[in-house]
Amino acid sequence: MTDPFTFGDQFGPAQVIHVQIPELGLKGVLVVDNVAAGPSIGGLRMATDVSAGECFRLARAMTLKNAAAGLPHGGGKSVLMGDPRMPEAEKEKWIRGFAAALGDNSHYIFGPDMGTNEKCMAWVKDEIGRSVGLPREVGGIPLDDIGATGFGLARATEIACKRIGLDLKGARVAIQGYGAVGRHAARFLSRQGAIVVAASDSRGTVADAGGLDLAALDTLKAAGKSVAEGKGASSGDTDAILDVECDIWIPAARPDVVREDNVDRLRTRLVPQGANIPFTAGAERTLFERGVLVIPDFIANAGGVICAAMEYIGASETAAFAAIDEKISRNVDEVLSNAQKDGIMPREAAHSLAIARVKRAMETRRWGIL
Ligand code: NAD
């Protein structure tokens, strides 16, 4: 395990807590990075290869994401070192045990992440009363069902279109990764008159310059099939989506899908990033130099965490959508204005915006980060 003394700076971490329950064979770590803006929100990740160092990096990413989203929450993250596919009864003991061990720590609010889900969050809520990403039956807003992140992505796209003089009505959209984020982004954008000309998933791509039938694609996905089996003028392998000529190209699948070696295949004007770190730094710079506008992930895909923060205060679904709309519209506008004014990449402007908000919050606190 990484030695906690080897990471950290003036922004955090405020706390690193190691939990061990030998009877269960459980080992876990909580990193509360920075709570200047309010109690931290971040996911509980369960995997066999997690480390305290990784947990710290993820907690820091949450500090920046929550600050960039303008939420009254700092960043934290927790990890359990174990196989998330262990028998459910055993997993329930692990999650409940870990939550109970951290129950007194009001600086951290659990959320779902890789290896955990709504049901795990319900167990946490039952143990300690502090979690987000809950099932509807216990006060949750099912953010993937309602399309919270896809909605925010569509709002970010609308704002950016105005800036580059692109009419969203009739704009051609390609979606890489027709899953929870991608399909809702497609739905909200098509409501604004955009035409979804291509979509892909892990098994293939379907494209049609005349526009795809989104309802038919949803039916295919619900039946466990690939979008590539859908009706379109052409279909191809997973990476064929990279070559589709369009106005708006949305990554909503995996990290590092666009790199220095394939970035030249993209033919688009605007990239609102739905996935986390979908492009390498070099690929993003190349697009910037080519004049392609990229809205960075932690600004464009914040709809999910905004929804979770609204759920935490008991807000309704309608209020959650209103908060996503307001926060994402304002943040995208501010980031793109600052980037243009200073001649820098939107990612650099977004980072400065988040850091400035964290610093201002720290100035109001006796201990800065805590
Ligand atoms: P998901 O599993 O519902 O959907 C992912 C889709 O991508 C699937 O259709 C899958 O087949 C497809 N896919 C996988 N590898 C691919 C590849 N190489 N090429 C094309 N398609 C591929 O996941 P999701 O919840 O929609 O999340 C997508 C991304 O967005 C992830 O990076 C996630 O971390 C990020 N994200 C999600 C949310 C959220 O609210 N769900 C919020 C912020 C960020």
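Indexing begins at 1, ligand by ligand and atom by atom, following the structure's order.
In the vicinity of Leu143, heavy-atom distances shorter than 4.0 Å reach the ligand 1 atoms 40 (O). If you number the atoms of ligand 1 from 1 as listed, the ones under 4.0 Å from a heavy atom of Tyr178 come out as 9 (O).
Protein heavy atom nearest atom 36 (N) of ligand 1, with residue, atom name and distance: Gly274 O, 3.9 Å. In this structure, atom 34 (O) of ligand 1 lies nearest to the protein heavy atom Asn276 ND2, 3.2 Å. Annotation: atom 7 (O) of ligand 1 to nearest protein heavy atom, Gly177 CA, 3.4 Å. When only non-hydrogen protein atoms are considered, atom 25 (O) of ligand 1 lies nearest to Ala180 CB, 3.7 Å. From the protein, the heavy atom lying nearest to atom 4 (O) of ligand 1 is Gly179 CA, 3.3 Å.
In terms of heavy atoms, Ala160 sits closest to Leu293 at CB-CD2, 4.0 Å. Here the shortest heavy-atom pairing between Thr157 and Pro272 reads OG1-CG, 3.3 Å. Residues Leu370 and Ala14 approach most closely at CD1-CB, 3.6 Å, considering heavy atoms.
Counting heavy atoms under 4.0 Å from ligand 1, residue Asp297 does not touch it at all. Contacts between Ile241 and ligand 1 below 4.0 angstrom, taking non-hydrogen atoms only, are absent altogether. In Ala252, the part holding a heavy atom less than 4.0 Å from any atom of ligand 1 is the backbone.
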### Query
side-chain contact (heavy atoms from CB on, under 4.5 Å) between Arg183 and Asp218: does it pass, once the steps are laid out?
CA-CA 8 Å; Arg183 79 184 169 86; Asp218 289 344; 3.7 Å; yes
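Using a 4.0 angstrom heavy-atom cutoff, Thr238 counts as in contact with ligand 1. Close to ligand 1: Lys221, with a non-hydrogen atom less than 4.0 angstrom away.
Here the rule is side chain to side chain contact (heavy atoms under 4.5 Å, CB included) with Val29, and of Val79, Ile17, Leu80, Val50 only Val79 fits it. A side chain to side chain contact (heavy atoms under 4.5 Å, CB included) with Trp249 holds for exactly one of Leu287, Ile241, Val173, Val292; it is Ile241.
The side-chain heavy atoms of Glu118 and Asp144, taken from C-beta on, include no pair separated by under 4.5 Å. A heavy-atom distance below 4.5 Å is found between the side chains of Gln15 and His107.
Counting only heavy atoms, the protein gets under 4.0 Å from atom 30 (O) of ligand 1. Within a 4.0 Å radius of atom 2 (O) of ligand 1, the protein contributes no heavy atom.
One finds the NZ atom of Lys91 at 6.0 Å from the CG atom of Asn117 (value rounded to the nearest 0.5 Å).
In terms of polar-atom proximity, defined here as any N/O pair under 3.5 Å, Gly304 makes no such contact with ligand 1. The shortest N or O to N or O distance between Arg254 and ligand 1 is not under 3.5 Å. Considering backbone and side-chain N/O of Ser202, one or more are found under 3.5 Å from N/O of ligand 1. Ligand 1 has an N or O atom lying under 3.5 Å from an N or O atom of Ala253, backbone or side chain. Ligand 1 has a nitrogen or oxygen under 3.5 angstrom from a nitrogen or oxygen of Val181.
Side chains of Asn301 and Thr149: no donor on one and acceptor on the other come within 3.5 Å.
Within the set Thr149, Asp113, Asp144, the minimum heavy-atom distance to atom 41 (N) of ligand 1 is found for Asp144.
The 12-atom threshold is not exceeded at CG of Asp104, counting heavy atoms of other residues, nucleotides or ligands nearer than 6.0 Å.
Ring pair Phe98/Phe110 is perpendicular by interplanar angle, where above 60° counts as perpendicular and below 30° as parallel.
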